[in-house]
Amino acid sequence: MSKPITIRDVKTITTQPEGQRLVIVKVLTSEPGLYGVGCATFTQRFHAVVAAIEKHLKPFVIGRDVMRSEEIFQMAMVSGYWRNGPVLNNAISGIDQALWDIKGKLAGMPVFELLGGKSREAAHVYVHADGPTPKAVTENVKGYLNEGYRYIRVQMGGYGGRPGDLPKPEGAPPGAYFDPRAYCRNMLDMIEYVRSEVGFEVELLHDVHERLQPIDAVQFAKDVEPFKLFFLEDILAPEDLEWFSRIRQQCATPIAMGELFNHPREWQPLISGKLIDFLRMHVSQMGGLTPARRVADFASLYGIRTAWHGPGDTSPVGHAANLHLDLWAPNFGVQEWCRFPEHVYEIFPGTPEVRGGYMYPNERPGLGIDVDEKLAAKYPCEDFVEAWTQTRLPDGSPARP
Ligand code: MG
């Protein structure tokens with residue numbers, strides 16, 4: 001037996017090339033020049049993730065055999081005794097994805113080969129069309145269609161719909177105001193209008209962002225059924241999971257759920273009950289490729305497909321990890337894509353490329369992506385208090401963002 005290659009050091013890289021603050025982990029090994037990268041991005045609480053990696057996980061993993069990614073994942077999850085939160089899960093994901101990257105580099109294979117090889121040549125993606133009016137949203141949809149996209153998420157006014165002139169009480173604090181009932185009416189009008197303009201050949205998606213009361217969510221899922229969405233996302237909050245069976249009993253609108261889940265166990269009743277159609281997992285939020293692969297395999301037994309979370313606060317490294325899962329998973333559904341600008345491709349060489357609505361891998365071993373630390377340092381993270389997540393109902397009370 002040759003001596004194992006071990007973890008020599010862990011570096012945490014933060015960068016903000018656009019609005020989102022990204023956290024990347026670089027695992028350095030005892031083998032000169034051999035390292036891996038992983039996504040640990042929790043943009044709203046990034047300092048806490050950095051501290052979890054630097055102060056707790058780094059001393060825990062140094063000296064361990066790089067091949068034992070499963071054992072390291074399992075022990076990292078439980079060795080803090082208190083577990084299952086977004087800060088620690090993201091920190092663990094950075095290590096986990098980096099170990100998969102290293103494993104691929106050692107094997108001389110892309111990670112999708114280690115997972116079982118390609119089930120497809122590329123992953124079809126969906127992009128976000130937004131706008132202040134149904135007409136504006138439709139114009140954006142048409143623009144994307146011209147670029148070759150066939151799956152398009154339609155939103156109006158961010159996640160909140162048109163706040164208009166909400167009758168707020170005197171002294172109401174500032175915030176992202178939102179009227180859930182008006183949202184339902186406005187979104188129905190918008191989706192109906194977009195369908196009437198572009199027909200049924202384009203796949204439309206919509207994200208409710210868990211902003212409705214459960215009974216309004218049931219009504220909304222029924223009301224949009226005639227417009228045949230590809231999926232309706234986060235129609236309910238993780239706190240209201242029992243209501244999914246009510247939706248299922250009453251309509252066939254495909255349901256996507258779960259970017260806020262922390263642990264594979266949270267999927268289990270929804271999958272085994274066949275209450276959802278797409279897994280909306282934020283892979284780093286779950287702890288990395290190791291748990292994501294497990295849930296994808298479990299879901300495949302129930303005919304439930306993947307739709308990994310892929311917004312701008314998934315780093316390019318995280319998007320690369322998503323893509324490897326997409327290429328392998330027999331039950332792949334669709335991949336969310338945030339369209340990074342050119343300078344992000346320079347900071348992260350190997351960022352997945354999208355052409356004609358498909359995301360393509362490169363053939364480099366591992367995750368096929370790297371980070372230029374010098375360039376990344378030119379975009380330091382800023383400290384600010386997020387405003388869009390401070391959502392309020394018309395009377396000023398706090399609501400889910
Ligand atoms: Mg979402």
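In each ligand, atom 1 is the first atom listed, and ligand 1 is the first ligand listed.
Counting only distance, with no hydrogens or angles, the side chain of Lys26 and the backbone of Lys11 share no donor-acceptor pair below 3.5 Å. In this structure, the side chain of Arg21 does not engage the main chain of Arg45 through any donor-acceptor pair within 3.5 Å.
Under the 30°/60° scheme for interplanar angles, the aromatic rings of Tyr183 and Phe178 are found to stand perpendicular.
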- Task: Dump the intermediate steps for ring-ring contact (aromatic ring centres under 6.0 Å, His included) on Tyr144 and His128, then the final yes or no.
- Result: CA-CA 9 Å; Tyr144 283 133; His128 301 175; 8.8 Å; no
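Near the Mg ion (ligand 1), less than 2.8 Å away, sit the protein N, O or S atoms Asp207 OD2, Glu233 OE2, Glu259 OE1.
In the model, Asp313 has no side-chain atom that pairs as donor or acceptor with a side-chain atom of Thr41 under 3.5 Å.
For Glu386, the CD atom is densely surrounded, since the number of other residues' heavy atoms within 6.0 Å is greater than 12.
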